[in-house]
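Let me begin by presenting the structure, written as structure tokens, before commenting on it.
All figures in this text were calculated on a predicted structure; none of them were measured in a lab. Reminder, nothing fancy here: chain letters follow the sequence lines and each chain counts from 1.
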Protein chains: 2
Amino acid sequence: MPYSNFASMPCTLSRPAALLGERWTLLLLRQIFLGTRRFEDFQATMDISRSVLTDRLNVLLQENVLKRVPYHEDGRTRHEYRLTEKGRDLYPVLMALRTWGEKWMAPDEEETFQLHHRDCGGGVRAKVECTECAAELTARDVEVTARP
Amino acid sequence: MPYSNFASMPCTLSRPAALLGERWTLLLLRQIFLGTRRFEDFQATMDISRSVLTDRLNVLLQENVLKRVPYHEDGRTRHEYRLTEKGRDLYPVLMALRTWGEKWMAPDEEETFQLHHRDCGGGVRAKVECTECAAELTARDVEVTARP
DNA sequence: TAGCTGAGTTCGAAAATCGAACGCAAGGGA
DNA sequence: TCCCTTGCGTTCGATTTTCGAACTCAGCTA
């Protein structure tokens, strides 16, 4: 099975993993959540090659993670890439990466940005919880049942 | 900046994103969380090329996400790949992917596996919360502060 | 001694990525 | 009108990755 077939497997974990597991895609999403919207800005801040950037943006458009939105600047019509609701829902994925990075990869120096809850100023962290009893869960608390 | 340099950026989001954003790495972790431990089994269930599998496993070993553990079978000593504590801590990342997949990519048919809290049988979901007030957060509730 | 098995390694072909140049449409200014 | 600039891609040849099949090697086993 080639890599791309995981994108069509009937598994709700392998399909997102195959989509976001392509090179640059997670870094692109990070940039989008940090506020970057335009082709030129992605290219400049990430130093990704233009052809690959085009490809990744198109994949995310096709998957309905991003949408192209027209806007006006100097009286000209341009387009920018924005998250859809589906795209915004990827926030927990990025936050889970960051929570892990904070714990296990924190560099000695300062970070490049900080996150705060607008209402109370608190920090942000990702966690896994039980939909019934609301307990916080680790891998050991969860049982996997194969469906044959 | 080539892709690999993101792995050494002083950013607790871009470093994990660059590590897990390499092709096959997320799918490999999925397989590990589902219980696969041995080279041959990874190769068979994922149909990844052997040389790339070797490379990805070595990267995860170097990053201390996996460890090689000896075991005995038929009186022979072999090795298997197991999660370290750092690796197990990636569980929220995988669960965030799955929670997203359940909502936005659920296939019409059944899934390949189900997850249940051992204690109460409930489902599993990832979420983002405030470390102060414990409110559940979305991207809109969070303010990004750049550190220059 | 020969064969099998798990775990890689090697190597030529194919695919993905890179970087630099090119294309193009919409203004703006002369 | 003609030329210049900007934003947003596209194209193309060179370099890296990935692929897939064959090969290696060590430790049993028959």
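For the contact set between residues 45-54 of chain A and DNA chain C, defined by any heavy atom under 4.0 Å, the members are A:Ser49, A:Arg50, A:Ser51, A:Val52. Interface residues of residues 20-33 of chain A facing DNA chain C, ordered by number: A:Arg23, A:Trp24; criterion, heavy-atom separation under 4.0 Å.
Between the B:Arg118 side chain and the A:Arg140 main chain, a donor and an acceptor come within less than 3.5 Å of each other. A distance-only check finds a donor-acceptor pair linking the side chain of B:Thr45 to the backbone of B:Asp41 [under 3.5 Å].
Defined by atom type and a distance below 3.5 Å, a donor-acceptor pair is missing between the side-chain atoms of A:Arg82 and A:Tyr71. B:Asp141 and B:Thr138 share a donor-acceptor pair across their side chains, judged by distance under 3.5 Å alone.
Ring-plane geometry between B:Tyr91 and B:Phe33 is classed as tilted, the angle between the planes lying from 30 to 60 degrees on a 0 to 90 degree scale.
For the pair A:Arg76 CZ and C:dG28 P, the interatomic distance rounds to 8 Å; values are reported in whole Å. Nucleotide D:dG27 holds its P atom 15 Å from the OH atom of B:Tyr71, rounded to whole Å. One atom, CZ of B:Arg38, and another, P of C:dA7, lie 7 Å apart when rounded to the nearest Å. Rounded to a whole Å, the CZ atom of A:Phe39 is 17 Å from the P atom of C:dA25. Straight-line distance from the CD atom of A:Glu80 to the C1' atom of D:dT6: 16 Å, rounded to whole Å. When rounded to the nearest whole Å, the span between CG of A:Asn5 and P of D:dT18 equals 17 Å.
Nearer to the 5' terminus of DNA chain D, by closest-nucleotide assignment, is the contact made by A:Leu57 (compared with the other of A:Leu57 and B:Thr77). Comparing A:Arg78 and B:Arg68, the nucleotide of DNA chain C nearest to each residue sits closer to the 5' end for B:Arg68.
B:Tyr81 comes within contact range of the sugar-phosphate backbone alone, with a heavy-atom separation under 4.0 Å but no base atom that close.
When each of B:Asp89, B:Asn64, B:Thr12, B:Thr84 is paired with A:Trp104, the side-chain hydrogen bond (donor to acceptor under 3.5 Å, both in side chains) condition holds for B:Asp89 and for no other.
Close to C:dG8, at under 4.0 Å from its OP1 or OP2, lies no side-chain N or O of B:Arg56.
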